[in-house]
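These notes concern the structure reproduced below.
Small disclaimer: the values here were computed from a predicted structure and weren't measured. One is the number of the first residue; the rest follow in order along the sequence.
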Amino acid sequence: MKFMKLGSKPDTFRSDGNNVRYVASELATDIAVTVGDVKFYLHKFPLLSKSACLQKLVASGNEQNCDEVQISDIPGGSVVFEICAKFCYGMTVNLNAYSVFATRCAAEYLGMYETIEKGNLIYKIDIFLNSSIVHSWKDSIIVLQTTKSLSPLSDELKVAGLCVDAIATNACIDVSKVDWSYTYNRKKLPEENGNDPNFNGVKSRPVPKDWWVEDLCELEIDLYKRVIMSIKTKGIQSHEVIGEALKAYSYRRLPGFSKGVIHSRDVGKYRSTVDTIVWLLPAEKGSVSCSFLFKLLKAAIIVDSGEMAQEQLVRQIGQQLEEASLNDLLIRAAEREDVIYDVDMVKKIVNKFLMQDRNAEYESEENEVQEIQRSGILTDASKLIVAKLIDAYLAEIAKDPNLPLSKFVDLAETVSCISRPTHNGIYRAIDMYLKEHPWISKSKRKRICKLMDCKKLSADACMHAVQNERLPLRVVIQVLFFEQPRGAAATSSGTSTPDLPKSLKNPNGGSHGSSRSAPTNPEEDWDSVSATEELKALKTELAALRLRNRGDNRNNVD
């Protein structure tokens with residue numbers, strides 16, 4: 001046992017530079033406490049008067065005639081033990097938000113209770129936590145962060161719960177009582193930094209309701225979840241503000257989230273964060289944007305989140321699909337798939353969107369008297385927006401050479417129940433598919449062309465269609481048939497009717513690169529014969545149409 005006799009009043013700890021700490025005192029030390037790789041030469045009386053743990057350790061050492069004590073698992077290690085030892089000696093102890101929780105855990109470990117001595121360290125720290133820390137927005141967040149490394153003790157000592165409740169309470173106070181200094185991570189305005197020469201000391205900018213969301217992004221996901229749940233439980237903050245908080249956290253804590261990619265080696269942590277954010281999403285429609293929901297869905301697919309999380313996102317996206325953009329719908333398919341985009345997922349979303357109308361119809365059968373405008377009933381405008389969106393999506397996915405016709409048709413038929421004033425969009429998608437898949441059979445061409453209504457094509461679309469060699473002859477004939485009244489009106493105004501495409505003028509000649517190649521099966525042979533017969537009748541009808549148009553023009557001149 002090594003003893004040291006030093007002069008001066010014990011007011012601080014000193015070091016000899018070899019991981020040895022001692023108290024500057026005139027009294028010789030009579031106990032050595034080893035904490036980790038640091039040895040403390042101390043005095044028994046001040047330590048034993050405040051620590052039940054040291055009382056037991058010293059008593060056990062006395063039985064073995066040993067004046068050394070080993071402590072290897074004290075929370076906070078040698079640094080925090082020194083704080084507790086200073087308190088035992090009556091020295092000034094400075095605690096802050098970064099050290100108070102570890103010190104509280106160490107005091108618990110050492111048994112520094114009121115039953116050992118009045119005004120002991122645990123009592124002092126609890127007063128400090130309740131009177132100072134919980135009233136400070138910044139300190140509450142810092143202390144809560146420090147509980148992460150000692151999570152079992154944080155719940156046992158109820159410090160984490162204390163901080164969570166304090167943060168939630170401060171986040172819900174009236175904004176008129178909030179000072180901008182609360183948001184310590186925020187980029188300050190020029191006048192708040194004192195750099196604005198015109199600043200007169202009066203705060204000119206009101207505090208927004210979501211002033212706190214950026215600060216909470218500093219928390220790890222499990223602690224963040226507890227705080228958001230506590231805020232939601234209080235029922236003061238709106239679901240839009242909660243949604244904004246989740247959006248801010250996602251962009252801060254999910255690298256690559258905004259671009260739909262993962263920039264993280266820890267996929268498990270990324271998945272846990274995505275799943276938790278989805279779980280915390282408010283159920284109310286419009287809490288977050290549709291675009292944000294799509295980003296979450298893409299992230300959930302990439303990290304292979306559970307079906308429950310993906311189903312929740314599909315359901316919420318379906319409730320506000322009319323807000324989506326084409327880029328939102330472009331969900332990449334899994335790497336093992338041959339196609340580029342996940343068409344099945346988009347179909348699920350569209351079905352959820354349309355299901356709102358079905359649910360509303362089912363409810364209206366039971367309740368005859370209901371309000372016309374209420375959530376759950378789709379407006380014609382929202383349905384039309386979604387139909388046009390899907391038309392644009394079909395045109396985009398049609399560029400994929402590996403896209404099966406069945407997926408294209410199934411998705412198009414999903415929105416076929418929505419009435420559109422024009423079918424130009426679906427025609428463009430069909431034309432794009434035929435252009436990128438010139439090898440498909442005539443029967444498949446007929447199937448895909450059934451998706452559009454030729455009567456609803458604009459004049460420009462008709463002009464394009466009758467000269468489109470990718471379309472089946474029967475479709476071109478239909479377009480010309482329904483274009484007759486419009487063509488007659490155009491002729492009377494001095495314009496001409498659409499001219500026949502080359503393939504119609506010479507159906508047997510074909511053209512290089514045309515999708516209409518020689519028949520390869522009996523069904524296509526039949527199509528070719530019947531189309532030729534229809535073509536003869538069509539030419540006769542067109543000649544009669546031109547004669548009528550000329551007669552109308554003469555009558556107009558007379």
First locate atom [atom1] of [X], then atom [atom2] of [Y], and finally report the distance between them rounded to the nearest 0.5 Å.
X	Y	atom1	atom2	result
Lys247	Ser250	NZ	OG	10.0 Å
Arg445	His437	CZ	NE2	11.0 Å
Ile349	Cys290	CD1	SG	8.0 Å
Ile418	Ile390	CD1	CD1	8.5 Å

Less than 4.5 Å apart, side chain to side chain, heavy atoms only: is that true for [X] and [Y]?
X	Y	value
Leu394	Leu403	no
Phe294	Leu321	yes
Cys417	Leu354	yes
Ile277	Leu254	yes
His464	Asp431	yes
Leu329	Tyr341	no
Ile317	Lys352	no
Ile430	Ile426	yes

For the backbone of [Y] and the side chain of [X], can you confirm whether one donor and one acceptor N or O come within less than 3.5 Å of each other?
X	Y	result
Gln320	Gly286	yes
Asp174	Lys177	no
Tyr249	Leu219	yes
Arg447	Lys442	no
Ser230	Arg226	no
Ser287	Ala283	no
Glu240	Val288	no
Asn351	Lys347	yes
Gln467	Met463	yes
Lys285	Gln319	yes

May I ask you to say whether [X] pairs ionically with [Y], meaning some side-chain N is under 4.0 Å from a carboxylate O?
X	Y	answer
Asp304	Arg271	no
Glu244	Lys209	no
Arg253	Glu220	yes
Asp391	Arg420	yes
Asp222	Lys148	yes

Inset, instruction - Let me see the working for Ile397 and Ile340 under side chain to side chain contact (heavy atoms under 4.5 Å, CB included), right down to the final yes or no. - result: CA-CA 8 Å; Ile397 64 174; Ile340 300 176; over 6 Å; no
Inset, instruction - Start with the C-alpha distance between Asp342 and Arg332, add both sets of side-chain angles, then the distance that settles salt bridge (Lys or Arg N to Asp or Glu O under 4.0 Å), and finish with yes or no. - result: CA-CA 6 Å; Asp342 192 343; Arg332 304 289 295 192; over 6 Å; no
Inset, instruction - Look at the aromatic rings of Tyr251 and Phe257 and report parallel, tilted or perpendicular, splitting at 30° and 60°. - result: perpendicular
Would you please say whether a donor-acceptor pair under 3.5 Å links the side chains of [X] and [Y]?
X	Y	result
Ser289	Ser291	no
Ser382	Thr379	yes
Gln312	Gln316	yes
Asn170	Trp212	no
Asp328	Tyr393	no
Thr422	Asn424	yes
Asp460	Ser458	no

Inset, instruction - List the steps, then state whether side chain to side chain contact (heavy atoms under 4.5 Å, CB included) holds for Cys163 with Thr147. - result: CA-CA 10 Å; Cys163 292; Thr147 64; 5.6 Å; no
Inset, instruction - Output all residues satisfying salt bridge (charged side-chain N to carboxylate O under 4.0 Å, His left out) with Lys232, sequence neighbours left out; order by chain, then residue number. - result: none
Inset, instruction - May I ask you to check whether His423 and Tyr427 place their ring centers less than 6.0 Å from one another? - result: no
Inset, instruction - Please report the shortest heavy-atom distance between Ala429 and Ala398, naming the atom on each side. - result: O-CB, 3.8 Å
Legend entry - Reference residue Tyr224; test side chain to side chain contact (heavy atoms under 4.5 Å, CB included); the match among Leu246, Thr273, Thr276: Leu246
Inset, instruction - Tell me, yes or no, whether the heavy-atom count around Lys234 atom NZ, taken from other residues, nucleotides or ligands under 6.0 Å, exceeds 12. - result: yes
